[in-house]
There are 2 protein chains.
Amino acid sequence: MEDPVERLELLFGLGLSFQLVLTEFVRRLDALGYEDLRPVHGYAFQALRWGGLTSTELAGRLGVTKQAAGQMIDELERKGYVSRHPHPDGGRRRLVVLTDKAQRHLAVAGETLHALERELGEKVDVPALRDQLATLIKTLQDGKGPLPPLRPVW
Amino acid sequence: MEDPVERLELLFGLGLSFQLVLTEFVRRLDALGYEDLRPVHGYAFQALRWGGLTSTELAGRLGVTKQAAGQMIDELERKGYVSRHPHPDGGRRRLVVLTDKAQRHLAVAGETLHALERELGEKVDVPALRDQLATLIKTLQDGKGPLPPLRPVW
DNA sequence: GAGGCAAGTAAAGCTGGTTTACTTGGAGTG
DNA sequence: CACTCCAAGTAAACCAGCTTTACTTGCCTC
């Protein structure tokens with residue numbers, strides 16, 4: 001009887017690895033009281049981390065329409081993770097910045113993810129894996145410009 | 001100026017690799033005339049490949065409700081990729097089996113994916129990467145039973 | 001001060017699922 | 001044999017998270 005894990009297609013292995021790591025990551029964050037956030041919110045927090053963005057800029061980073069970004073910002077504002085301010089460049093622009101609550105989430109999420117990576121490191125050569133993934137990404141994206149946003153594709 | 005690809009988080013690298021490989025795979029299948037199928041349909045075809053399944057069994061394989069599986073089967077039946085037959089075990093059961101059209105798709109998709117892997121093999125050590133992903137999956141799933149279905153998590 | 005552009009907002013629509021509720025064929029059981 | 005029960009399948013309403021379409025508004029330019 002053969003081990004099904006051993007005969008993985010590359011594509012299936014990538015998808016399932018991502019799913020399992022992300023699911024465990026989310027499970028731990030939920031246990032820490034962050035059930036009100038989805039993965040995409042953490043992704044948005046990273047984009048907003050350094051000084052904030054306008055909603056249209058955030059939309060570009062997330063690969064969604066500005067309306068979808070606006071809805072997400074409304075939700076995050078209600079939940080106390082972001083606030084809107086007048087934009088220094090004026091116009092109708094508004095600068096969306098993280099609150100302290102979101103900054104704390106970023107710190108906790110970062111530590112949680114690194115702890116998970118350390119645990120995996122006992123069985124898997126994480127730096128080597130990361131290098132191979134970086135090479136894979138560079139190969140696929142070669143000459144096609146900057147990296148696209150992470151989006152659901154399944 | 002540092003290369004952003006080099007400092008990838010493991011999680012981000014897994015997600016983006018999956019996205020890029022899958023997007024390229026889908027792009028090639030679309031170019032071959034399969035614009036009417038999403039990735040999940042190919043995943044369903046693989047589950048149905050060896051003798052077919054009931055819709056409830058397929059639902060379990062895909063990790064969705066039996067109603068969602070039923071809707072997908074309706075759609076695939078309309079498009080000529082599956083057909084329903086009386087089930088040998090009787091009851092209300094109906095056996096969903098692939099048509100020749102779907103079997104041809106499986107052959108084409110397999111060849112397309114392997115061609116893509118061969119191309120990537122010029123720059124990336126695909127067997128080594130596959131092994132590391134298998135180890136990662138086994139580590140995360142250790143003692144938690146069989147592998148879960150591949151599902152959208154983003 | 002007229003027009004245009006880009007940011008933002010509003011509302012409707014679409015997709016792909018879930019939830020709730022029902023139908024139905026074939027057991028098992030007295 | 002009649003009754004009950006179970007599991008498969010189906011139907012319809014609902015829902016989340018987006019997109020599309022359409023509008024508002026602040027500033028810049030001429």
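Chain naming here is simple, since letters A, B, ... match the order of the sequence lines and numbering starts at 1 in each.
Considering only the side chain of Thr65(B), dT19(C) comes nearest among dA8(D), dT19(C), dA11(C). In this structure, the nucleotide among dG17(C), dA10(C), dG8(C) sitting nearest to the side chain of Arg38(B) is dG17(C). Distances were taken from every side-chain heavy atom of Lys66(A) (C-beta onward) to each of dG8(C), dT24(C), dA21(C); the shortest belongs to dG8(C). Of the candidate nucleotides dT10(D), dT20(D), dG17(C), dG17(C) has the atom nearest to the side chain of Val64(B). Residue Thr56(A) has its side chain nearest to dG8(C) when only dA10(C), dG8(C), dT18(C) are considered.
Nucleic acid contact for Gly91(B): sugar-phosphate only, since backbone atoms but no base atoms lie under 4.0 Å from a heavy atom of the residue.
Map Arg93(B) and Trp154(B) each onto its nearest nucleotide of DNA chain D; the residue landing nearer the 5' end is Arg93(B). If you find the closest nucleotide of DNA chain C to Pro152(B) and to Gly90(B), the one lying nearer the 5' end belongs to Pro152(B).
Straight-line distance from the CG atom of Asp74(B) to the P atom of dA8(D): 18 Å, rounded to whole Å. The nearest whole Å value for the distance from the CD atom in Gln67(A) to the C1' atom in dG17(D) is 13 Å. Summarising the geometry, the separation between CG on Leu58(B) and P on dG9(D) is reported as 10 Å, rounded to the nearest angstrom. Atom CG of Leu53(A) is separated from atom C1' of dG8(C) by 15 Å (rounded to the nearest Å). In this structure, His87(A) atom NE2 and dT25(D) atom P are separated by 21 Å, rounded to whole Å. The interatomic distance linking Asp89(A) (CG) with dA6(C) (P) rounds to 15 Å, in whole Å. Atom CZ of Arg92(B) is separated from atom C1' of dA8(D) by 6 Å (rounded to the nearest Å).
Using a 4.0 Å cut-off, some side-chain N or O of Arg84(A) falls inside it from OP1 or OP2 of dT9(C). The shortest distance between the side-chain N/O atoms of Arg94(A) and the OP1/OP2 oxygens of dT9(C) is below 4.0 Å.
Salt-bridge annotation for Arg118(B) and Glu111(B): present, with a side-chain N of the basic residue lying under 4.0 Å from a carboxylate O of the acidic one. In summary, Glu24(A) and Arg27(A) engage in a salt bridge, as defined by a charged side-chain N under 4.0 Å from a carboxylate O.
Relative ring orientation between Tyr34(B) and Tyr81(B) is described as tilted, the plane-to-plane angle lying within the 30° to 60° band. Between Tyr43(B) and Trp154(A), the ring planes are perpendicular. Angles over 60° get that label, and only those under 30° would be called parallel.
Counting atom types as modelled, Gln71(B) pairs no side-chain N or O with a base atom of dT15(C) as donor and acceptor under 3.5 Å.
Follow the hydrophobic side-chain contacts under 4.5 Å out from Leu106(B) and you reach Leu29(B) in the same cluster.
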